Number of protein chains: 2
Amino acid sequence: MVDESSPAPAVAAKPAASLHEGLLVALRDFIVEGNLADGARVPERALCERFNISRTPLREALKVLAAEGLIELLPNRGARVRELSPEDVRELFDVMGGLEALAGRLACERISEAEFAEIERMHHDMYRFYLRRDMHGYFHCNQAIHLAIVAAAGNATLAATYASLAGRIRRVRYSANLAKDRDRWGEAMREHEAILDALRRRAGSELSDILFLHLRNKRKAAQASAG
Amino acid sequence: MVDESSPAPAVAAKPAASLHEGLLVALRDFIVEGNLADGARVPERALCERFNISRTPLREALKVLAAEGLIELLPNRGARVRELSPEDVRELFDVMGGLEALAGRLACERISEAEFAEIERMHHDMYRFYLRRDMHGYFHCNQAIHLAIVAAAGNATLAATYASLAGRIRRVRYSANLAKDRDRWGEAMREHEAILDALRRRAGSELSDILFLHLRNKRKAAQASAG
DNA sequence: CTTCCAAAAAATGAATGCAAAATGACAGAG
DNA sequence: CTCTGTCATTTTGCATTCATTTTTTGGAAG
């Protein structure tokens with residue numbers, strides 16, 4: 001009879017996935033990856049066959065996904081893939097900006113030199129992609145940097161919240177593609193320079209502002225290209 | 001046969017609660033209000049009788065509550081009320097601080113004079129409670145102000161995220177009671193003066209800093225009194 | 001008296017069955 | 001030809017049932 005409160009390492013990661021958790025992940029990916037159209041009904045029966053399970057665990061997973069905001073449950077009318085209105089997208093971008101601003105602030109408080117060096121390295125990689133006009137590589141690097149800042153904040157609750165919102169907005173990510181807006185690309189690169197500079201100086205409040213505005217500008221670019 | 005996409009007012013509020021949503025709210029309150037001890041097992045069977053439902057809807061609600069972070073699901077070992085470690089509390093306070101910082105920033109962008117006047121009024125009320133040393137009234141007013149700022153941000157996603165975290169931390173709220181720390185009380189009051197001042201000047205970035213630090217100080221006070 | 005093992009008892013996770021509501025089709029009236 | 005009211009089919013929501021795992025209890029050995 002071991003005491004459970006002290007040795008519990010604050011739910012480290014996901015060592016042992018319960019059977020139904022696998023289904024949840026699979027279903028989440030299935031929806032996030034766009035296998036279902038926006039606003040489409042989520043066919044219970046078809047998904048049961050698709051994943052070889054009965055309706056009970058599927059419906060449980062659906063409830064969780066609804067709580068996460070990925071789908072919406074209409075009483076007696078089943079589940080629908082949640083459509084993101086332009087207003088929703090605006091809200092999501094702002095909240096992600098707020099969370100990144102927080103992450104930057106916290107990261108300044110506790111980031112190690114090694115972690116910073118790693119982010120700096122990624123930044124230089126990204127700059128090379130920028131010079132080469134390699135959009136794909138740039139995009140990948142960009143995301144890695146933002147994620148690294150969130151990770152450097154050392155706050156699992158923040159990371160989880162951030163990940164949840166990121167999942168919700170992923171379906172609309174295409175519109176954030178700035179391939180057609182070369183000016184924005186250069187601006188974003190300059191903003192990232194400022195981010196790295198503030199992080200180097202551990203200027204939390206300043207970095208917080210920069211990150212929020214960075215996301216704001218990203219949102220504006222996305223809105224301009226999409227709307 | 002009306003078209004559902006255009007006239008849908010973005011899920012107005014909660015006009016008709018689906019049957020099982022009522023259960024979810026009831027169960028959430030039941031747990032948040034502390035009817036179950038920290039870390040205690042959630043007795044499925046007992047709750048079924050308590051709410052007069054079968055296990056299926058209860059388990060669905062449990063899954064949602066687990067996604068919200070209120071309880072945790074151990075594979076084949078049922079649900080437990082999630083214990084908040086000091087680390088969890090630290091994280092939650094910081095994330096709430098980040099969200100309030102964001103709320104303040106957004107509020108500065110879009111708050112109306114009427115909304116500001118309302119917050120100002122609440123602030124003066126709170127000051128009166130402070131002068132009278134009316135802890136209960138002060139506390140109530142304080143919370144209303146913070147909620148009003150979040151509301152003034154005009155971001156439903158932010159409000160929902162904030163509410164979710166607030167629910168998770170509510171069980172540990174007692175420790176934030178600053179009754180024994182008169183110095184902190186005065187400091188908090190001064191911080192609120194600064195909050196109102198920055199909001200009046202629509203100084204978003206500044207208000208953002210103040211709000212985050214306000215929550216930080218609140219956390220420190222809570223930690224000092226609790227630990 | 002303590003410790004360890006085994007079997008019973010309980011609880012969890014998942015599947016199936018059933019009643020109610022919604023969706024769609026079809027026929028008749030205007 | 002269009003609109004409307006009724007009926008059959010599908011689907012949802014919940015209860016019940018079944019299999020597997022865990023927990024507890026009882027007893028025997030050390």
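Just so it is clear, the structure is predicted and the values come from calculations on it, not from any experiment. Computed from heavy atoms alone, side chains included, the values below leave out hydrogens, waters and symmetry copies. All chains are named by letter (A, B, ...) in the order of the sequence lines, taking the proteins before the strands, and each is independently numbered beginning at 1.
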> Separation of L74(A) atom CG from dT11(D) atom P, in whole Å?
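Value for this atom pair: 16 Å.
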> Which nucleotide in the set dT12(C), dA22(C), dA15(D) lies at the smallest distance from any side-chain heavy atom of N76(A)?
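Selected nucleotide (nearest to the side chain): dA22(C).
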> If only atom types and distance count, is the side chain of E91(B) paired as donor or acceptor with the main-chain N or O of T157(A) below 3.5 Å?
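Answer holds: yes.
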> Verify, without hydrogens or angle tests, whether D125(A) (side chain) and M122(A) (backbone) share a donor-acceptor contact under 3.5 angstrom.
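Here the side-chain-to-backbone pair does not exist.
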> Please give, in whole Å, the distance from dC14(D) P to E60(B) CD?
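Taking CD of E60(B) and P of dC14(D), I get 7 Å after rounding.
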> Have a look at E68(A) and tell me which of R82(A), R28(A), K63(A), R168(A) forms a salt bridge (Lys or Arg N to Asp or Glu O under 4.0 Å) with it.
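Passing option: R28(A).
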> Starting from P on dT16(D), measure out to CD on E49(B) and report it in whole angstrom.
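In whole Å, dT16(D) P and E49(B) CD are 12 Å from each other.
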> Is R77(A) near enough to dA21(C) that one of its side-chain N or O atoms lies under 4.0 angstrom from OP1 or OP2?
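False: R77(A) side-chain N/O out of range (4.0 Å or more) of dA21(C) OP1/OP2.
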> Relative to the ring of H146(B), is the ring of H214(B) parallel (under 30°), tilted (30 to 60°) or perpendicular (over 60°)?
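Plane angle under 30°, so parallel.
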> Tell me: CZ of R59(B) to P of dG13(D), nearest whole Å?
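For the pair R59(B) CZ and dG13(D) P, the rounded distance is 17 Å.
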> Could you tell me the separation between the CG atom of L73(A) and the P atom of dT12(D), rounded to a whole number of Å?
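L73(A) atom CG is separated from dT12(D) atom P by 10 Å.
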> Is there a donor and acceptor pair, one atom on the side chain of S54(A) and one on the base of dA14(C), closer than 3.5 Å?
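Answer is no: no donor-acceptor pair is held.
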> Between F30(A) and R50(A), is there a cation-pi geometry (under 6.0 Å to ring centre, at most 45° from the normal)?
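Verdict for F30(A): no cation-pi partner in R50(A).
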> Taking for each residue the nucleotide of DNA chain D with the nearest heavy atom, is it P57(B) or G78(A) whose nucleotide lies nearer the 5' end?
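Going by which nucleotide is closer to the 5' end, it is G78(A).
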> Any donor-acceptor pair under 3.5 Å joining the side chain of R55(B) to the base of dG13(C)?
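Indeed, a donor on one side and an acceptor on the other fall under 3.5 Å apart.
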> May I have the distance from L58(A) (atom CG) to dT12(D) (atom P), rounded to whole angstrom?
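From L58(A) CG to dT12(D) P: 10 Å.
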> Name the residue closer to the 5' end of DNA chain C, choosing between T56(B) and P43(B) according to the nucleotide with the nearest heavy atom.
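Per heavy-atom nearest nucleotide, the more 5' residue is P43(B).
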> In whole Å, what is the span from the CZ atom of R80(A) to the C1' atom of dT12(D)?
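It works out to 13 Å between those atoms.
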> From the set dA15(D), dA15(C), dT23(C), return the single nucleotide nearest to any side-chain atom of I53(A).
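Shortest atom-to-atom distance from the side chain points to dA15(C).
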> To the nearest angstrom, how far is R45(B) atom CZ from dT23(D) atom P?
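Distance, rounded to whole Å: 19 Å.
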